[in-house]
Amino acid sequence: MYAQMVKTGVDRIQSSEEMSPEERAFQERIDADIKIEPKEWMPEAYRKTLIRQISQHAHSEIIGMQPEGNWITRAPTLERKAILLAKVQDEAGHGLYLYCAAETLGVSRDELMEQLNSGKAKYSSIFNYPTLTWADIGAIGWLVDGAAIMNQVPLQRCSYGPYSRAMIRICKEESFHQRQGYDIMMKLARGTPEQKQMAQDALNRWWWPSLMMFGPSDADSVHSAQSMKWKIKINSNDELRQKFVDQTVPQAEYLGLTVPDPDLRWNAERGHYDFGAVDWEEFYQVIAGNGPCNRQRLRTRVKAYEEGRWVREAAEAYAAKKAARAQAKAA
Amino acid sequence: MNEQEALFEYLLRLGDNALILGHRLSEWCGHSPALEEDLALSNVALDLIGQTQLWLNLAGEIEGKGRDADKLAYLRDARDFRNLLLVEQPNGDFAMTMARQFYFDAWHYLQLQGLTGSKESRIAEIAAKSLKEVAYHLERSRDWVLRLGDGTEESHRRMQAAIDDLWMYTGELFEADEIDRTMIQAGLGPDPSALQESWLDLVRATAEEATLALPQPGWAQRGGKRGIHTEHLGYILADLQFLQRAYPNAVW
Amino acid sequence: MTDRKEWPLWEVFIRSQHGLAHRHVGSLHAPDAEMAIKNARDVYTRRNEGVSIWVVKASDIAASSPGEKGPLFDPANSKVYRHPTFYEIPEELGHM
Ligand SMILES: [Fe+2]
Ligand SMILES: [Fe+2]
Ligand SMILES: [Fe+2]
């Protein structure tokens, strides 16, 4: 997902008897679906895990601007250009909302950015793949935003107030993203043979990385169990992946495109699609920094941040001068 | 050139300015100094793309050859583009982008104001709608000129360099040619040379407040309005038009 | 990374067209109030959300402490007579 394999710092789940009175009260509030708000008492592990998760999510939104941003200047019509620009702009907004949510936990945006820039913080594996054709813009909206929504809709109910509120705002905006992606795919699928080929090629390249977005199976992960207990993770990775496949396969069929998985078939007994094995070796390599675009993405981000420093400093200096002048005048 | 042909050319100028500057600003998305600025610059770019569609669609209608905004934007070569040289200049650093924006916005605002009085109601309507957007663009770009001019030593140096560098592209904004004169006579658009004083007043006052020295009037680069551009435009079009050129007649 | 001076955080409140009070919509960073308002316009009103913006420096907000939730808010629980539903009005009187 946008936050993959978030560590919680715990090695096993505490039983209610083992918890301190504060911890127990905290867990009871979560169980009762009462939101946790910034200044309230919370276990340190909850706070740290949330910072990790929310900032990973924010970093993904920001890095995610690059693969799509690539095509803003090459969009094929004025309308497509406006739509894509508005979409990538929304992603900047999502990053912004999420950084602000993380900041309520006592960390600054600059600190988080520096963690990203230094390579210490992770972001979603998916954005380390290249956008090679216009169809990739369609595929990202359809598949990547589609997968993201799957995870973000339940997170609107997560236990941490600021995160939940950011998710509500984000989900409102995301629904347009997936639709515009599918709309691009439809135009291509109904277009010239070359366009249709372009669409199929994009599906071929984005399908497996999209399934990887949900992360490896976490059925036995203590981190996932803890996060679910804290209600900052709502569904298991396999659950969401299955839901995504079930939802997306008919959409691909409608486009007349073939999902690149020979093992894909409807299982009437389960009421779900069976699908082939994900290449987790590739996933771990991408997470470790060896994806096709990791270095390029990070370098681009660092460059923007560093080249913007003098601007941010100047605006700050100006504000300080102006405030001093106003004060001198008042005195 | 009859009045209709002149009007077509004139509308191309309006549309191409918005198109090319919007394109330049869209290049910033994801690369600006702060997330807040990514959002803000994109808003300006989106306004300009919207204005492009309005102006170029009207141009196509006036021309009457079945070309719409997309055909005009994506299927003309550089020599047929009519935008000012100023708007095609590269983004450079943030100071360069903001100086370019401020010079342009200050002029654009006055021009649109003049166009709201156009005898052609469709022009007046587009101008009135755009004017609201551009009033905000101007407020923002002026604010950045002040902040960078009167910010730190480094930002001052960069902003001074930017307004110096771009100065020679501002002369073209106020030169009236045959097409402008036809428009003035027909009551369709304002006299560009009449805008210069108000523009200079605003630019001068802003520079002063920003502790910047305004360049001396000097040799002006010109040609954009007639389709003689700087080298930069060709690269913009290579990006902009790539898909339409590589896949002729495809629908996107 | 040397002297880390980030733009301060601002809380943004927006009043929508419908005449409701300003509502907290989120936060952002800006060097001063003037730019905070502009940024708020660009970040939080892209979909026609508002007609008026307030910004407040986050550090200037005085907030009730979560630990005092009990004493602050529980006493209101028992004052049911403040709510109109507490009173029974004969049905034949109609709406009141
Ligand atoms: Fe997003
Ligand atoms: Fe996204
Ligand atoms: Fe999205």
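We use all heavy atoms of the structure for the numbers below, so side chains are in, but hydrogens, waters and symmetry mates are not. Labels below follow one simple rule: chain letters A, B, ... track the order of the sequence lines, proteins then strands, and each chain is numbered from 1.
Neither the backbone nor the side chain of A:Gln66 has a heavy atom closer than 4.5 Å to any heavy atom of chain B. Interface remark: B:Ala95 contributes backbone and side-chain atoms alike to the contact with chain A (heavy atom separation under 4.5 Å). Neither the backbone nor the side chain of A:Ala320 comes within contact range of chain B; no heavy atoms are under 4.5 Å apart. Residue A:Leu96 touches chain B through both its backbone and its side chain, counting heavy-atom pairs closer than 4.5 Å. Interface residue B:Ile49: only side-chain heavy atoms are found under 4.5 Å from chain A. Contacts between A:Met198 and chain B at a heavy-atom distance below 4.5 Å involve the side chain alone, from C-beta outward. Heavy atoms closer than 4.5 Å to chain B are found nowhere in A:Glu316, neither backbone nor side chain. Using a 4.5 Å cut-off between heavy atoms, B:Leu19 touches chain A through its side chain atoms alone.
A salt bridge is defined here as a Lys NZ or Arg NE, NH1 or NH2 lying under 4.0 Å from an Asp or Glu carboxylate O, and A:Arg109 with B:Glu36 meets this definition.
With respect to chain A, the highest number of heavy-atom pairs below 4.5 Å among B:Val251, B:Asp143, B:Asn249 belongs to B:Val251. Most heavy-atom pairs under 4.5 Å with chain B, from the set A:Arg80, A:Met65, A:Arg74: that is A:Arg74.
Residue A:Trp71 comes nearest to B:Leu243 through the heavy atom pair CZ3-CD1, 4.0 Å, listed as atom of the first residue, atom of the second, then distance. The heavy-atom pair separating A:Thr73 from B:Ser26 by the smallest distance is CG2-OG, 4.0 Å.
Heavy atoms of other residues, nucleotides or ligands lying less than 6.0 angstrom from CD of B:Glu27 number more than 12.
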Could you go through A:Gln195 and B:Trp252, starting from their C-alpha distance and side-chain angles, then the distance that decides it, and tell me whether this counts as side chain to side chain contact (heavy atoms under 4.5 Å, CB included)? CA-CA 9 Å; A:Gln195 283 176 304; B:Trp252 303 92; 3.4 Å; yes
